[in-house]
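In what follows, every heavy atom counts, from backbone to side chain, and hydrogens, waters and symmetry copies are set aside. In the text below, chain A, chain B and the rest are named by the order of the sequence lines, each starting its count at 1.
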Amino acid sequence: MQPGVVGPCLYSINGMLCPPIFSVGAAPSVAALLESGLTTMTAKQTPPQEATKLRAEINDHNYRYYVLDAPVISDAQFDKLFRKLQELEAQHPELITPDSPTQRIGAKPLAGFEEIKHTVPMLSLANAFDEDELADFDRRVHDRLKRDIEAPITYSCEPKLDGLAVSLRYEAGKLVSAATRGDGYAGEDITQNIRTIKSIPLHLRDKFPPVLEVRGEVFISKKGFAELNARAEKTGEKVFVNPRNAAAGSLRQLDPQITASRPLTMFCYGVGVVEGAEFKSHSESLQALKRWGLRVNTAAAVVKGLKQCATYYQKMASQRAGLDYDIDGVVFKVDDLALQKTLGTVSRAPRWAVAYKFPAEEENTQIEAVDFQVGRTGALTPVARLKPVFVGGATVSNATLHNMDEIARKDVRVGDTVVVRRAGDVIPMVVSVIKEKRPKQTQEITLPSECPICGSEVMHVPGEAVARCMGGLTCSAQRKESIKHFAARRAMDIEGLGDKLVEQLVDHDLIHDAADLYTLKADQLAGLERMAEKSADNVIAALEKSKTTTLPRFIYALGIREVGETIARTLAHAFGRLDKLMAADEEALLAVNDVGPIVAEYVLHFFQQASNRKVIERLQHAGVHWPAIEVKAAEDLPLAGKTVVLTGTFTHFSREDAKAHLLALGAKVSGSVSKKTDFVIAGESAGSKLTKAQNLGVTVVDEATLQKWVAAL
DNA sequence: TTGCCTCGAGATCA
DNA sequence: CTCGAGGCAA
């Protein structure tokens, strides 16, 4: 096979040749294309000229097909052009360019995905679930902008696609990288897979900017999904349950060849970074994206004021079923970019946008049983076992009922027919009971007086929502859960020690607590389910490896109530050594940032327990160790004695977080700028305080600097 | 919470 | 071939 020429026909998906997009130089006009008879080869051309011309034509047809939604040739004609280019390139491999439309699947399967940091974070959106909440949003926008509520704001509206958010980066017009959203700050490098999506141009057209990071949603159309599953069914492969998961799975393929066979497509909805271009409004930026060859949802619109937003929502709601893609709501963005800037961003979502969600899909089903699960802290959680029902794109068979109050409020009984939905389209929830359908014989749900696992007493403190098993570590459920927590990735990170294995180990009485893990021998493990020699050795090796850890991880792994990762880290840094933390009294604990009386009480109580101290001692004795953390005395803190003023809004911190971090760094945080101010930290859309700082000659630093300080701590 | 992909390795059958 | 574990996304 020729280098760079991949496979047989890559584009014959669904028996139809679908076009890719991009453009070099000026694209021929429709008239010119039609005149040329669409078969090129009019006059004599050199092969390089012909290749260039073919590519331009193909890319242009792609653009017309995907972006303008107005193809001027048939699929068969496109097919012909495409094959012609393939043949030409096969005869003259030296003519192949990386961004030739034939080169979408160039690469070999990846070993794994690399990380890509987003230049501008990919935030999530605030949600509104009814018209009141939408009105609240509009009011907040007016308030923040100090606008009269009667003066309508111009909003850009678009359907909210149910797919996966991705970010594409173009440099000098070329697609150079693509990433998933990830945690919003960094995602996975899925460039290879994105390149196979024919509606995404490998090269921008028109007067594209030198650098562009564009955000959008990758998805599979309803039609594409149906065809994909029909094919899968025919070939006996497994079918996907919904388009969203099919799209997500397709992008996570290591082999781009497989991704190419999935009918993925994309709508772009925003600009992350752009250099060399300026826009006044969001809608203008969408127009530009379209000009540059990127596909933008044609249902996008610009409206004035709340009322028209509501109308747009109604319109989309009524069109929803007829659309060829799944949407779960409508997004409204303040159109004017200057206003967006003024509004700024709160911790994880911009203040200038809102997602008005359609009501979640609901289904009826029956409650077959209610079990009580015992958690790590002994908390008894009632879980409804449901007759499996397909709702919101997944089969739901369990739903937490949270606690007894919740059960009483909804008056849920075993045997009841209930309405189920996936809250936020994720977590299953029992919405209500259909009383009319209640059978004569229903069973009321009562809190067991004894722990269903260990038989210990169950205590329900009046006023508290949760009931707890008082068995402590004599309860095998609590032991299992705390050992699982100990081994978890974010805790001791013991690879291969999953839930199933922990359960077997506890059930076989091989371990009773976390410290027992380190006494395990390979031959004890071997013989358990799915545990032969090799696996057993791996687990032993993983245990050995986990002995070298860090203090924050270890504190977190202990599973002290209310001590999550963040507080564990704070405590580790505040005390530096475990023995210091164990010896700390209430006063010392309360002196730590973010530690209040409740957390202090739990920490004290935990270390008072002889059993806990014993486990810690045995863990250390087994060789679990970590480097001490240097605790900086107040005067040694990097910002000791400095007065700092915050202004503007920050992307990575809320105001409170930023302040807390600065205090931890030893700084004094003041509200107003004076000559005594050492630094002003200016975020987005900083106002008068920034001006004043500049006038007084006070040092101004940006958010990135603050992040650096925090990271260094 | 569910669904998807990937990997390693155990289980099963020829 | 099947399962458990791990990782990711919504």
Side-chain angles (χ1 to χ4, degrees), chain A residues 109-116 122 124-125 127 160-166 179-184 186-190 193 217-220 225 228-229 232 236-256 258-259 262 264 326-329 355 357 360-361 373 381 383-386 388-402 420-430 484 487-491 493-505 525-539 541-542:
Chain A
L110 260 37
F113 297 111
E114 304 281 312
E115 187 191 272
I116 288 189
M122 292 180 81
S124 42
L125 289 177
N127 289 322
K160 188 175 191 303
L161 272 282
D162 196 10
L164 291 86
V166 298
T180 60
R181 201 187 87 91
D183 62 2
E188 286 178 312
D189 184 344
I190 50 163
N193 288 338
E217 198 86 353
V218 169
F219 63 98
I220 291 180
F225 178 73
L228 179 66
N229 268 354
E237 289 168 78
K238 67 163 185 295
V239 294
F240 294 98
V241 297
N242 63 50
R244 207 204 69 77
N245 281 336
S250 301
L251 282 186
R252 293 195 49 71
Q253 293 287 342
L254 292 177
D255 182 357
I258 301 175
T259 310
R262 306 278 169 83
L264 294 165
D326 285 326
I327 61 175
D328 57 1
K357 297 287 206 79
E361 194 191 317
Q373 259 173 14
T381 310
V383 179
R385 306 295 173 194
L386 305 165
V389 60
F390 192 76
V391 54
T395 304
V396 169
S397 41
N398 302 301
T400 170
L401 294 168
H402 299 107
V420 174
R421 105 165 49 124
R422 297 216 296 155
D425 282 331
V426 179
I427 292 144
M429 174 169 115
V430 171
K484 286 178 196 171
R489 187 167 65 91
R490 315 196 74 106
D493 194 16
I494 305 170
E495 233 175 285
L497 192 68
D499 291 3
K500 281 273 155 74
L501 184 54
V502 171
E503 274 166 34
Q504 287 189 70
L505 289 169
L525 289 167
L528 295 174
E529 267 171 65
R530 301 208 62 82
M531 254 307 129
E533 211 178 316
K534 178 77 184 160
S535 305
D537 287 345
N538 288 348
V539 172

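Using a 4.0 Å heavy-atom cutoff across all strands shown, A:N538 reaches sugar-phosphate atoms only and no base atom. Using a 4.0 Å heavy-atom criterion, one finds that A:S397 contacts the sugar-phosphate atoms exclusively. Residue A:G163 is in sugar-phosphate contact alone, with no base atom involved, counting any heavy-atom pair closer than 4.0 Å across all strands shown. Counting any heavy atom pair closer than 4.0 Å across all strands shown, A:A399 reaches no nucleic acid atom. Heavy atoms of A:T395 sit under 4.0 angstrom from primed sugar atoms or phosphate atoms, though from no base atom. Counting non-hydrogen atoms under 4.0 angstrom, A:A248 reaches nothing in the nucleic acid. Contacts of A:G112 with the nucleic acid, taken as non-hydrogen atoms under 4.0 Å apart, are absent. Contacts of A:K160 with the nucleic acid, taken as non-hydrogen atoms under 4.0 Å apart, are absent.
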| message | Evaluate A:L228 against A:R262 for side chain to side chain contact (heavy atoms under 4.5 Å, CB included), listing each step before the verdict. | response | CA-CA 7 Å; A:L228 179 66; A:R262 306 278 169 83; 3.8 Å; yes

- request: Begin from the C-alpha positions of A:I116 and A:E188 and carry the test side chain to side chain contact (heavy atoms under 4.5 Å, CB included) through to its verdict.
  value: CA-CA 6 Å; A:I116 288 189; A:E188 286 178 312; over 6 Å; no

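Rounded to whole angstrom, the span from the CG atom of A:L251 across to the P atom of C:dA10 amounts to 10 Å. Rounding to whole angstrom units, CD of residue A:E217 and P of C:dA9 are separated by 12 Å. Spacing between atom CG of A:L161 and atom P of C:dA9 amounts to 18 Å, rounded to whole angstrom units. In this structure, CZ of A:F113 is placed 11 Å from P of C:dC8, rounded to the nearest angstrom. In this structure, A:N193 atom CG and C:dC8 atom P are separated by 16 Å, rounded to whole Å. The interatomic distance linking A:D183 (CG) with C:dC8 (C1') rounds to 11 Å, in whole Å.
Proximity of A:T180 to the phosphate of C:dA9: a side-chain N or O atom is located under 4.0 Å from OP1 or OP2.
For CD of A:E495, the number of neighbouring non-hydrogen atoms (other residues, nucleotides, ligands) closer than 6.0 Å is 12 at most.
By the side chain to side chain donor-acceptor pair (under 3.5 Å) test, A:R421 pairs with A:E362, sequence neighbours left out. For A:E217, there are no side chain to side chain donor-acceptor pair (under 3.5 Å) partners two or more places apart in sequence or in a different chain.
Counting heavy atoms from C-beta on, the side chains of A:V166 and A:I190 come closer than 4.5 Å.
Between A:L528 and A:R422, it is A:R422 whose nearest contact on DNA chain B lies nearer the 5' terminus. A residue-by-residue look at A:V241 and A:P428 shows that A:P428 has its nearest nucleotide of DNA chain B further toward the 5' end.
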Side chains of residues 496-503 of chain A: which donor-acceptor partners sit under 3.5 Å, not counting sequence neighbours?
| from | atom 1 | to | atom 2 | distance (Å) |
| --- | --- | --- | --- | --- |
| A:E503 | OE2 | A:K484 | NZ | 2.7 |

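Here A:T381 contributes atom OG1 and A:Q373 contributes atom CD; the two are 6.5 Å apart, rounded to the nearest 0.5 Å.
Here the range on DNA chain B touched by chain A, meaning any atom under 4.0 Å from one of its heavy atoms, is B:dT1 to B:dG10.
A pairwise comparison of heavy atoms in A:F225 and A:F240 identifies CZ-O, 3.3 Å as the closest pair.
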When you compare the protein's N or O atoms with those of nucleotides 3-7 of chain C, which come within less than 3.5 Å of each other, and at what distance?
| from | atom 1 | to | atom 2 | distance (Å) |
| --- | --- | --- | --- | --- |
| C:dC3 | O4' | A:R530 | NH1 | 3.4 |
| C:dC3 | O2 | A:R530 | NH2 | 3.1 |
| C:dA5 | OP1 | A:K500 | N | 3.4 |
| C:dA5 | OP1 | A:L501 | N | 3.3 |
| C:dG6 | OP1 | A:G496 | N | 3.0 |
| C:dG7 | OP2 | A:R489 | NE | 2.7 |

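Under the salt bridge (Lys or Arg N to Asp or Glu O under 4.0 Å) criterion, no residue pair touches residues 236-250 of chain A, with sequence neighbours excluded.
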